[in-house]
**Q** 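First the structure, then my questions, so here it is.
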Amino acid sequence: MIIQPRIRGFICTTAHPEGCARNVREQVEYVRGRGAIEGLPKRVLVLGCSTGYGLASRIVTTFAGGARTIGVSFEKPPAETKTASAGWYNNRAFEQEARSAGYDALTIEGDAFSDEVKRQVVEAIRVEFGQIDLLIYSMAAPARTHPRTGELQRSAIKPLGEAVRLKTLNTDKAEVYEAEIQPATDEEAQATVAVMGGEDWGMWIDALEVAGMLARDFRTFNYTYLGSELTWPIYWQGTLGKAKEDVDRTAAALRERLGPDTARVVALKAAVTQASSAIPVVPLYGTVLFAVMKQMGLHEGCIEQIDRLFRTRFAWTSETDEAGRLRLDDWELSVPVQAEVLRRWPLLSTETLGSLADLEEYRTQFLRLFGFGLAGVDFHKDADPMSVPALA
Ligand code: NAD
């Protein structure tokens with residue numbers, strides 16, 4: 001079938017197998033080009049491994065660190081007439097890349113919030129690795145069925161307390177407009193913490209600890225976003241911020257239990273991913289941020305951020321902020337970058353978008369998430385949705 005992007009709001013319902021494979025290949029090549037990193041853990045578990053920051057983490061630990069990995073993600077497999085989720089193709093492409101370079105790569109697709117998937121992973125670690133050295137928690141989910149109560153909870157990306165009016169972007173129509181977002185109810189706020197907070201991370205560590213699978217120098221990372229005053233009203237001061245505060249609390253509790261530097265929250269920069277596209281304001285903020293950071297020679301996507309994380313912040317002695325987080329959002333939040341973003345913000349409108357922001361970069365990055373728009377792929381050619389072709 002001919003596979004073209006089919007965009008519905010902030011998601012694309014199709015994905016291109018060869019395009020996804022190219023996207024993975026380009027990230028692998030970037031990391032290889034930067035050279036090996038000495039001293040990285042060799043047995044790595046990545047939760048949320050198939051896209052965005054989790055995929056980048058799996059690629060860097062494998063191709064720069066020489067790790068064997070187990071990845072977990074939630075995917076839609078393909079059918080004869082329907083494409084799979086992009087993450088399904090990315091997982092197959094990653095496995096091909098890793099295995100052909102001699103690295104073990106096992107992927108378990110299912111609901112990482114469930115006890116069943118935790119059991120499967122524990123069993124796989126027992127058979128494959130014995131123990132693990134590093135767990136990366138890079139999950140971003142819209143909903144979670146609680147493994148104890150069976151309750152299905154949905155996250156809501158909303159402000160707390162009162163409604164906020166925010167400038168935002170319709171990425172299809174290239175229109176800037178003001179939106180009023182109503183505050184979350186208490187129930188919505190609690191559900192968002194249940195889905196995106198630290199409880200499941202803690203449950204993973206518990207399951208691995210009980211099974212005796214935490215290696216002597218075990219460490220774990222969980223990713224967060226702090227953002228700037230432009231995103232605070234919808235993010236850090238809203239329901240998601242509450243969830244991320246809960247992740248910070250979980251990290252502190254894990255450090256108490258497992259040792260001072262074992263568990264770290266890592267603050268990363270705003271990047272175009274499936275999860276971030278769904279957050280109001282973030283796409284508009286991102287288009288301005290990308291324009292400014294590119295002009296200043298500081299632009300980074302997921303792979304560049306995670307490569308920098310492992311190259312420059314992995315040492316046990318790495319500096320942390322007052323909450324014990326590793327900070328990779330330092331360039332985004334630097335004074336010159338934020339001053340320029342803030343200068344442009346009030347001037348932003350549908351008319352000025354072209355000169356003040358970089359919507360093209362945003363759209364290109366968004367399409368790439370689903371394997372579209374990559375050089376070297378003929379998108380008019382018949383493609384088999386059932387598998388990922390081996391690249392030359
Ligand atoms: P993403 O949408 O690209 O990836 C989410 C991953 O979670 C996917 O692999 C998906 O399959 C997996 N997943 C979702 N539900 C699952 C389930 N039930 N079971 C198993 N796997 C499941 O998201 P992302 O933007 O890379 O986000 C990863 C982390 O990085 C999040 O904690 C996010 O807050 C953080 N972060 C993102 C940004 C950003 O701008 N994108 C910035 C800073 C921090």
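For reference, positions follow the sequence shown, starting with 1. Excluded from the calculations below are hydrogen atoms, water molecules and symmetry mates; all remaining heavy atoms, backbone and side chain alike, are included.
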**Q** Taking CZ in Arg6 as the centre, count heavy atoms belonging to other residues, nucleotides or ligands within less than 6.0 Å. Is the count above 12?
**A** no

**Q** Ignoring hydrogens and angles, tell me if any N or O in the side chain of Tyr177 forms a donor-acceptor pair with the backbone of Thr350 under 3.5 Å.
**A** no

**Q** Taking the side chain as everything from C-beta on, heavy atoms only, tell me whether Leu333 gets closer than 4.5 Å to Ser228.
**A** yes

**Q** Show the numbers, then the answer: is there a side-chain hydrogen bond (donor to acceptor under 3.5 Å, both in side chains) between Thr51 and Gln274?
**A** CA-CA 8 Å; Thr51 52; Gln274 292 185 42; 4.7 Å; no

**Q** Nearest 0.5 Å please: distance from the OG1 atom of Thr220 over to the CG atom of Leu45.
**A** 8.5 Å

**Q** With rounding to the nearest 0.5 angstrom, report the OG1 to CD distance, Thr231 to Glu332.
**A** 7.0 Å

**Q** Could you check Thr145 against Asp111 for side-chain hydrogen bond (donor to acceptor under 3.5 Å, both in side chains), going step by step and ending with a plain yes or no?
**A** CA-CA 9 Å; Thr145 300; Asp111 180 7; 5.1 Å; no

**Q** Are the aromatic ring centres of Phe74 and Phe113 under 6.0 angstrom apart?
**A** no

**Q** Distance check, rounded to the nearest 0.5 Å: Cys302 atom SG versus Ile59 atom CD1?
**A** 10.0 Å

**Q** Check whether any side-chain N or O of Arg144 sits under 3.5 Å from a backbone N or O of Ala194 as a donor-acceptor pair, and report yes or no.
**A** yes

**Q** Should the heavy atoms of other residues, nucleotides or ligands under 6.0 Å from CD of Glu175 be counted, would the total exceed 12?
**A** yes

**Q** Between Tyr137 and Trp201, how do the two ring planes meet: parallel, tilted or perpendicular, split at 30° and 60°?
**A** tilted

**Q** Under 3.5 Å, side chain of Arg22 to main-chain N/O of Phe372, donor-acceptor pair present?
**A** no

**Q** Check whether Thr61 reaches the backbone of Ala67 with its side chain - one donor and one acceptor, N or O, closer than 3.5 Å.
**A** no

**Q** Do the side chains of Arg92 and Glu95 get close enough for a salt bridge, i.e. N-O under 4.0 angstrom?
**A** yes

**Q** In a check of side-chain contact (heavy atoms from CB on, under 4.5 Å) between Leu328 and each of Glu300, Lys269, Glu304, Arg308, which one passes?
**A** Arg308

**Q** Looking at Arg154, I want to see if its CZ is surrounded by more than 12 non-hydrogen atoms of other residues, nucleotides or ligands under 6.0 Å.
**A** no

**Q** The test is side-chain hydrogen bond (donor to acceptor under 3.5 Å, both in side chains); show your working for Glu187 and Thr185 and say whether it passes.
**A** CA-CA 5 Å; Glu187 206 173 60; Thr185 61; 5.2 Å; no

**Q** Find out whether Glu360 and Arg363 are in side-chain contact, i.e. whether some heavy atom of one side chain is under 4.5 Å from a heavy atom of the other.
**A** yes

**Q** Given the rule in the side chain to side chain contact (heavy atoms under 4.5 Å, CB included) test, do Val265 and Thr250 qualify, once you have shown the distances and angles that lead to the verdict?
**A** CA-CA 9 Å; Val265 171; Thr250 304; over 6 Å; no

**Q** Can you find a pair of side-chain heavy atoms, one from Arg343 and one from Leu347, that are under 4.5 Å apart?
**A** yes

**Q** Measure from the side-chain N and O atoms of Lys42 to the backbone N and O of Leu40, and report whether any donor-acceptor pair falls under 3.5 Å.
**A** yes

**Q** Check the orientation of Tyr53 and Tyr223. Use parallel for under 30°, tilted for 30 to 60°, and perpendicular for over 60°.
**A** perpendicular

**Q** Within this structure, what is the CG-CG distance for the pair Leu284 and Leu166, rounded to the nearest 0.5 Å?
**A** 10.0 Å

**Q** Using side chain to side chain contact (heavy atoms under 4.5 Å, CB included), reason through Phe63 and Gln27 one step at a time and then give a plain yes or no.
**A** CA-CA 10 Å; Phe63 291 93; Gln27 295 185 58; over 6 Å; no

**Q** Between Arg344 and Glu340, is there a side-chain N and carboxylate O pair less than 4.0 Å apart?
**A** yes

**Q** How far apart are the closest heavy atoms of Asp261 and Arg219, and which atoms are they?
**A** O-NE, 4.0 Å

**Q** Donor-acceptor check, side chain of Thr287 to backbone of Leu359, threshold 3.5 angstrom: yes or no?
**A** no

**Q** First locate atom CE of Met196, then atom CD1 of Ile157, and finally report the distance between them rounded to the nearest 0.5 Å.
**A** 8.0 Å

**Q** Looking at Trp345, is its backbone amide N or carbonyl O close enough to the side chain of Lys167 to form a donor-acceptor pair, meaning the two atoms are under 3.5 Å apart?
**A** yes

**Q** Taking all non-hydrogen atoms of both residues into account, name the closest pair between Arg25 and Ala392 and its distance.
**A** NH1-O, 3.0 Å

**Q** Counting only heavy atoms not in Glu178, do more than 12 sit closer than 6.0 Å to its CD atom?
**A** yes

**Q** Nearest heavy-atom pair of Arg32 and Ala101: which atoms, and what distance?
**A** NH2-CB, 3.3 Å

**Q** Salt-bridge test for Asp246 and Arg249: reply yes if a basic N is under 4.0 Å from a carboxylate O, no otherwise.
**A** yes

**Q** Hey, mind stepping through Cys49 and Phe94 against side chain to side chain contact (heavy atoms under 4.5 Å, CB included) and telling me if it holds?
**A** CA-CA 10 Å; Cys49 68; Phe94 175 84; over 6 Å; no

**Q** Does atom CD (Glu180) have a neighbourhood of more than 12 heavy atoms from anything else shown, all under 6.0 Å?
**A** yes

**Q** Does CD belonging to Glu116 count more than 12 external heavy atoms closer than 6.0 Å?
**A** yes

**Q** For the side chain of Thr192 and the backbone of Leu240, is there at least one donor-acceptor N/O pair under 3.5 Å apart?
**A** no

**Q** Restricting to side-chain contact (heavy atoms from CB on, under 4.5 Å), what partner residues turn up for Ala375, sequence neighbours left out?
**A** none

**Q** For Asp186, does the CG atom sit with more than 12 other heavy atoms under 6.0 Å from it, leaving out its own atoms?
**A** no

**Q** Would you say Thr107's side chain and Gly71's backbone share a donor-acceptor pair under 3.5 angstrom?
**A** no

**Q** Test Leu55 against every option in Leu369, Asn90, Val60 by the side-chain contact (heavy atoms from CB on, under 4.5 Å) rule and name the one that passes.
**A** Asn90

**Q** To the nearest 0.5 angstrom, please state how far the OG atom of Ser276 sits from the CG atom of Leu268.
**A** 11.5 Å

**Q** Test Leu226 against Trp236 for side chain to side chain contact (heavy atoms under 4.5 Å, CB included), laying out the working first.
**A** CA-CA 6 Å; Leu226 303 179; Trp236 191 254; 3.5 Å; yes

**Q** With a 4.0 Å cut-off on N to O distance, would you call Arg148 and Asp115 a salt bridge?
**A** yes

**Q** Any carboxylate oxygen within less than 4.0 angstrom of a Lys/Arg side-chain nitrogen, looking at Lys118 and Asp206?
**A** no

**Q** Looking only at heavy atoms, what is the nearest atom pair of Val72 and Gly110, with distance?
**A** CG1-O, 4.5 Å

**Q** So, do Phe370 and Thr83 sit near enough that their side-chain heavy atoms are less than 4.5 Å apart?
**A** no

**Q** Given 3.5 Å as the limit, does a donor-acceptor pair link the side chain of Thr239 with the main chain of Lys158, or not?
**A** yes

**Q** Report yes if the distance between the aromatic ring centroids of Phe10 and Phe366 is under 6.0 Å, otherwise no.
**A** no

**Q** Testing the basics here: between Ala251 and Ala263, what is the closest heavy-atom pair and its distance to 0.1 Å?
**A** O-CB, 3.9 Å

